[in-house]
Protein chains: 4
Amino acid sequence: MASRGVNKVILVGNLGQDPETKYMPSGGAVTNISVATSDQWKDKQTGQPQERTEWHRVVFFNRIAEIAGEYLRKGSKVYIEGSLRTRKWQGQDGQDRYTTEIVCSEMQMLDSRGAGGDNNNYGQDNYNQNQNYGGNQPQGQPQAQPQQAPRQAPPQQQPQQPQQPAGGFDSFDDDIPF
Amino acid sequence: MASRGVNKVILVGNLGQDPETKYMPSGGAVTNISVATSDQWKDKQTGQPQERTEWHRVVFFNRIAEIAGEYLRKGSKVYIEGSLRTRKWQGQDGQDRYTTEIVCSEMQMLDSRGAGGDNNNYGQDNYNQNQNYGGNQPQGQPQAQPQQAPRQAPPQQQPQQPQQPAGGFDSFDDDIPF
Amino acid sequence: MASRGVNKVILVGNLGQDPETKYMPSGGAVTNISVATSDQWKDKQTGQPQERTEWHRVVFFNRIAEIAGEYLRKGSKVYIEGSLRTRKWQGQDGQDRYTTEIVCSEMQMLDSRGAGGDNNNYGQDNYNQNQNYGGNQPQGQPQAQPQQAPRQAPPQQQPQQPQQPAGGFDSFDDDIPF
Amino acid sequence: MASRGVNKVILVGNLGQDPETKYMPSGGAVTNISVATSDQWKDKQTGQPQERTEWHRVVFFNRIAEIAGEYLRKGSKVYIEGSLRTRKWQGQDGQDRYTTEIVCSEMQMLDSRGAGGDNNNYGQDNYNQNQNYGGNQPQGQPQAQPQQAPRQAPPQQQPQQPQQPAGGFDSFDDDIPF
DNA sequence: TTTT
DNA sequence: TTTT
């Protein structure tokens with residue numbers, strides 16, 4: 001039932017490594033990527049050019065996770081839109097740790113014709129999980145049914161509409177999360 | 001099937017007048033509002049404070065149009081997220097005119113407890129037409145079915161999932177559009 | 001002195017043609033580009049794929065205008081951040097017309113290694129007119145002084161910090177604005 | 001020299017507690033706030049309404065830090081625009097920890113006439129650290145010099161243009177950061 | 001007028 | 001036409 005407040009992130013950057021895709025007990029895919037953005041500036045004193053790279057952990061669920069896992073590669077340039085989520089987890093020392101991720105709701109590949117290291121000529125389509133059809137276009141039509149099946153099928157397929165497990169995301173992620 | 005490119009607008013501003021809601025032949029609602037944002041600066045020469053108000057035409061379709069028409073009022077402060085759309089229409093002189101609007105996909109009332117003229121204590125919920133359920137939350141569930149019926153029923157109701165007319169938006173808008 | 005409200009546009013799209021740069025009496029550059037984004041969807045009835053292209057008029061001022069005019073080309077993919085501005089102008093029939101543009105405050109080239117028609121290997125730097133140095137980085141340092149001079153010098157250069165003419169933007173644009 | 005990529009966060013939410021302002025050795029202010037956004041949805045199985053609150057750590061530097069510290073209060077509703085930054089710090093056990101924050105570059109108070117617990121009738125102005133003057137308005141003029149001095153002076157004032165300490169942000173923040 |  |  002909607003939300004209160006706005007929690008929105010927009011990134012344009014490059015993947016530091018290939019995506020990692022896992023599958024939830026339900027069969028739903030979960031893909032993680034790491035995206036770099038960088039700030040550059042000249043040092044005031046020395047005039048030397050400086051650079052700081054920021055790494056962003058981005059997570060995709062379900063259909064968009066399959067697409068991300070399939071088409072993105074190390075070096076790919078992407079547009080990411082999503083929301084911030086901070087997860088709590090237990091370190092091996094039993095202490096609480098927190099990890100902040102961007103849960104991606106919309107992704108778009110920005111490489112002209114395959115960039116990264118690999119030769120991926122999947123075009124520059126984008127894949128909206130929650131598509132907004134404005135104006136004259138048909139509205140309210142959910143995007144849940146993938147029209148194009150991803151090339152690699154998930155290990156143990158289940159129903160068409162993968163859902164989150166009752167136990168939540170963490171239930172299959174019993175490891176240090178990054 | 002998604003989109004190519006990104007076309008996103010984010011506004012926070014106040015309504016200049018009450019919303020106007022019409023209904024399409026299909027029964028779907030269309031609400032228009034006018035939102036003001038302003039820039040302020042000091043004149044470089046004179047040091048005099050300057051202000052320029054920008055008026056934005058925002059249009060809502062279907063369920064979110066009903067909500068906007070119901071809860072927003074002149075003076076209401078809103079958060080609007082949407083996309084730009086430029087419509088072509090015919091002036092009375094037969095010449096082409098163009099109007100650029102923001103097609104709203106997400107709206108949020110920002111008044112603490114009802115603002116505008118009316119006493120509307122509907123809280124500060126927001127209403128996403130295309131809700132993004134990240135993380136552990138259920139996904140893929142369309143928001144098409146209004147849980148709360150709008151106060152004023154549309155003139156001639158039709159199916160539950162109102163659609164755009166075959167002839168497009170303009171077919172019922174035979175007037176100067178603003 | 002800041003602003004009231006939020007007026008923000010984010011675009012990712014391709015230029016439909018080469019940029020057009022003019023110079024204001026003050027010497028400041030003004031560059032216009034046209035950016036395409038598109039929505040794609042399947043017709044509900046026929047199942048036929050549909051596409052609608054949206055064209056956005058984007059205008060740059062001063063230094064960022066020089067950069068845009070220099071490095072962007074027809075076909076270039078760009079990230080644009082800016083604000084909406086609707087300008088009123090007089091049609092040849094003496095009637096008022098309105099044109100809505102995005103005034104660009106931040107631009108980023110998204111082509112891997114030069115795109116458009118030309119061979120421009122200027123990398124994928126971005127050019128912020130109003131740079132935000134967060135964290136440990138130096139703040140408050142204006143980006144007004146171009147480090148790299150644009151290739152084509154403006155016709156009649158003036159002071160280092162080009163300003164808007166007293167008469168405003170329109171004073172040198174006495175024609176139909178698009 | 002700008003940045004490569006886009007790293008942008010937009011939040012609208014309420015402060016969970018009063019802001020905390022510290023001063024860097026240089027005299028520059030640093031203010032931290034905690035902002036809540038929430039997602040609401042109905043459980044698919046039970047139909048029970050669910051809610052998850054997300055807390056965001058937001059940090060302000062220099063002039064905007066003074067304004068945030070001065071005008072925001074517990075409960076205040078704010079619009080925040082900024083960028084993500086993940087900081088590494090040492091836990092008391094000597095292990096590395098990471099904290100992700102939003103470095104705010106633009107803030108806007110959204111309460112009609114003072115909200116939080118306190119009576120703050122400072123209006124709903126916004127304060128841009130990096131103001132974008134589009135169109136006819138003067139450009140390139142940095143916003144570094146505060147026109148209105150904050151009510152509470154920093155402990156040991158220094159030059160007009162507060163800078164980051166040589167040792168960086170962490171040099172005065174020798175504690176667990178949250 | 002771009003792009004796929 | 002709003003808002004401050």
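All chains are named by letter (A, B, ...) in the order of the sequence lines, taking the proteins before the strands, and each is independently numbered beginning at 1. For the numbers below, each heavy atom of this structure counts, side chains included, while hydrogens, waters and symmetry mates do not.
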>> Please pick, from E/dT1, F/dT1, E/dT2, the nucleotide with the shortest atom-to-atom distance to any side-chain atom of B/Ser34.
In response: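 Of E/dT1, F/dT1, E/dT2, F/dT1 is nearest to the side chain of B/Ser34.
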> Taking only residues two or more places apart in sequence or in another chain, which ones pass side chain to side chain donor-acceptor pair (under 3.5 Å) with B/Thr53?
Replying inline: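 Once residues adjacent in sequence are excluded, B/Thr53 has no partner under the side chain to side chain donor-acceptor pair (under 3.5 Å) criterion.
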> In chain order, what residues pass the side chain to side chain donor-acceptor pair (under 3.5 Å) check against C/Ser34, with sequence neighbours excluded?
Replying inline: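 Once residues adjacent in sequence are excluded, C/Ser34 has no partner under the side chain to side chain donor-acceptor pair (under 3.5 Å) criterion.
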Let me know the distance between [atom1] of [X] and [atom2] of [N], rounded to the nearest Å.
| X | N | atom1 | atom2 | value |
| --- | --- | --- | --- | --- |
| C/Lys74 | E/dT3 | NZ | P | 7 Å |
| C/Glu54 | E/dT2 | CD | C1' | 13 Å |
| C/Tyr79 | E/dT2 | OH | P | 25 Å |
| B/Ile33 | F/dT1 | CD1 | P | 17 Å |
| C/Arg73 | E/dT2 | CZ | P | 16 Å |
| D/Leu110 | F/dT2 | CG | C1' | 15 Å |
| C/His56 | E/dT2 | NE2 | P | 15 Å |
| C/Leu11 | E/dT1 | CG | P | 20 Å |

> E/dT2 base to C/Thr53 side chain: any donor-acceptor pair below 3.5 Å?
Replying inline: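 Yes, a donor-acceptor pair under 3.5 Å.
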>> Under 3.5 Å, is there any donor-acceptor pair linking the side chain of B/Ser38 to the base of F/dT3?
In response: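 Check fails, no donor-acceptor contact within cut-off.
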> Do A/Phe60 and A/Ile67 have side-chain heavy atoms sitting under 4.5 Å apart?
Replying inline: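 Answer no - side chains too far apart.
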> Taking it one step at a time, do B/Thr99 and B/Trp89 satisfy side chain to side chain donor-acceptor pair (under 3.5 Å)?
Replying inline: CA-CA 8 Å; B/Thr99 296; B/Trp89 52 283; 2.7 Å; yes
>> So is the aromatic ring of C/Trp55 stacked onto the base of E/dT2, judging by whether the centres are under 5.5 Å apart and the planes are under 30° apart?
In response: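 Per 5.5 Å and 30° rule: no stacking.
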>> Reading DNA chain E from 5' onward, which residue's closest nucleotide shows up sooner: C/Gln17 or C/Glu51?
In response: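 Counting from the 5' end, the first nearest nucleotide belongs to C/Gln17.
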